[in-house]
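Quick notes on the structure that follows.
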Amino acid sequence: MKISKIIVENYRSIQKVEVLPQKFSVFVGQNNHGKTNFFESIDWFYTARSSKNDEHFNKDEKNTISVEIFFKDVIDSDIEKLTTDANKTKIRAMLGNDSCFSVLKTSIDHKRNYFVAGEDKGNPSGLDA
């Protein structure tokens, strides 16, 4: 399984950015141009249960933060790495015959929603962990 795309919107200094990572990616830029904020947005995606005012673009809570991570080339050995049989069953059922999915988290409710072929599959219980 590979991360094929990351989209970040309204996180600190980042209004919107789309990154297409390769096997080896290097982030280079001047100071105060958002490199650290990009990586902190990924940490927010995985860990935040709420959003502070200063995390919103222009420190305006009306600017909804969203981070979406796209995964491709999901194979059975990736699914086998999940910790429980229940989670393996859930992800297999969610994916069906697809090998790609994305996960979206927003500051509106802080739940991660899963999408397969553009269809919102919600948040299958237990997959977040």
Side-chain angles (χ1 to χ4, degrees):
M1 175 169 56
K2 300 173 189 167
I3 295 175
S4 60
K5 181 170 37 174
I6 303 168
I7 299 173
V8 177
E9 292 187 47
N10 294 319
Y11 187 82
R12 294 194 175 157
S13 66
I14 300 170
Q15 187 169 23
K16 183 173 184 177
V17 68
E18 182 175 311
V19 175
L20 305 170
Q22 304 301 309
K23 282 186 175 184
F24 183 79
S25 296
V26 177
F27 289 79
V28 178
Q30 296 178 353
N31 290 343
N32 296 315
H33 277 72
K35 298 178 302 293
T36 299
N37 287 342
F38 175 75
F39 289 106
E40 286 180 355
S41 73
I42 296 170
D43 183 60
W44 175 90
F45 173 88
Y46 283 109
T47 62
R49 297 189 189 274
S50 63
S51 299
K52 301 175 210 150
N53 186 46
D54 70 345
E55 290 176 315
H56 294 264
F57 183 71
N58 286 337
K59 298 182 181 182
D60 185 350
E61 291 184 10
K62 293 177 191 162
N63 293 321
T64 300
I65 300 168
S66 72
V67 177
E68 187 167 14
I69 300 179
F70 294 76
F71 299 89
K72 69 176 186 176
D73 301 333
V74 179
I75 57 175
D76 200 59
S77 62
D78 297 322
I79 296 170
E80 282 300 316
K81 292 175 185 173
L82 293 172
T83 56
T84 68
D85 287 336
N87 285 350
K88 293 173 191 178
T89 300
K90 288 174 191 172
I91 196 84
R92 284 185 176 113
M94 183 183 75
L95 284 174
N97 292 324
D98 283 296
S99 64
C100 302
F101 69 98
S102 70
V103 185
L104 171 68
K105 179 177 177 174
T106 71
S107 58
I108 293 172
D109 64 9
H110 290 87
K111 292 182 182 177
R112 290 187 285 269
N113 282 17
Y114 293 73
F115 292 82
V116 177
E119 180 182 344
D120 187 348
K121 299 288 186 171
N123 184 324
S125 177
L127 282 182
D128 270 359

Residue list, side-chain contact (heavy atoms from CB on, under 4.5 Å) with Asp85, at least two apart or on another chain | Lys88
In chain order, what residues pass the side chain to side chain donor-acceptor pair (under 3.5 Å) check against Glu55, with sequence neighbours excluded?
-> none
For the pair His56 (side chain) and Asp54 (backbone), establish whether a donor and an acceptor sit closer than 3.5 Å, ignoring hydrogens and angles.
-> no
Considering residues at least two apart in sequence or located in another chain, which fulfil the side-chain contact (heavy atoms from CB on, under 4.5 Å) criterion with Val26?
-> Phe24, Val28
Contact check, side chains of Tyr46 and Lys105, non-hydrogen atoms, under 4.5 Å = no
Spacing of Asp73 atom CG and Asp78 atom CG [to the nearest 0.5 Å] | 9.0 Å
Between the side chains of Ser51 and His110, is a donor N or O closer than 3.5 angstrom to an acceptor N or O?
-> yes
Tell me who clusters with Ile75, hydrophobic residues only, linked when side chains sit under 4.5 Å apart either directly or through other members.
-> none
Applying side chain to side chain donor-acceptor pair (under 3.5 Å), name anything that partners Asp76, two or more places apart in sequence or on another chain.
-> Arg92
Contacts of type side chain to side chain donor-acceptor pair (under 3.5 Å), residue Ser107, not counting sequence neighbours | none
Evaluate whether atom CD of Glu18 has more than 12 neighbouring non-hydrogen atoms of other residues, nucleotides or ligands under 6.0 angstrom away.
-> yes
Enumerate donor-acceptor pairs with a distance under 3.5 Å from any side-chain N or O in residues 35-42 to protein atoms, sequence neighbours excluded.
residue	atom	partner	partner atom	Å
Lys35	NZ	Gly29	O	3.0
Lys35	NZ	Gln30	O	2.9
Asn37	ND2	Ser13	OG	2.8
Glu40	OE1	Arg12	NH1	2.3
Ser41	OG	Phe38	O	2.5

Salt bridge (Lys or Arg N to Asp or Glu O under 4.0 Å) pairs, two or more places apart, involving residues 58-68 = none
With the 4.5 Å side-chain cut-off for hydrophobic clustering, are Ile79 and Val116 part of the same group?
-> yes
Across all chains, not counting sequence neighbours, the salt bridge (charged side-chain N to carboxylate O under 4.0 Å, His left out) partners of Asp43 are none
Listed pairs under 3.5 Å, donor-acceptor, residues 1-11 side chains, sequence neighbours left out:
residue	atom	partner	partner atom	Å
Ser4	OG	Phe70	O	3.4
Asn10	ND2	Thr64	O	3.0

Establish whether Val74 and Val103 are linked, either directly or via other cluster members, by ILVMFWY side-chain heavy-atom contacts under 4.5 Å.
-> yes
Taking every non-hydrogen atom, the tightest pair across Pro21 and Ser25 | CA-OG, 3.6 Å
State plainly whether one hydrophobic cluster holds both Leu95 and Ile69, where clusters connect Ile, Leu, Val, Met, Phe, Trp and Tyr through side-chain heavy atoms under 4.5 angstrom apart.
-> yes
Lys121: what forms a salt bridge (charged side-chain N to carboxylate O under 4.0 Å, His left out) with it, not counting sequence neighbours?
-> Glu119
Just by modelled atom types, is the Phe57 backbone N or O under 3.5 Å from a matching donor or acceptor in the Asn63 side chain?
-> yes
Rounded to the nearest 0.5 angstrom, the NZ-CG distance for Lys81 and Asn87 is 15.5 Å
Would Met94 and Leu104 show up in the same hydrophobic cluster when neighbours are defined by side-chain heavy atoms closer than 4.5 Å?
-> no
For Phe71, check ring-ring contact (aromatic ring centres under 6.0 Å, His included) against everything at least two apart and list the hits.
-> Phe101
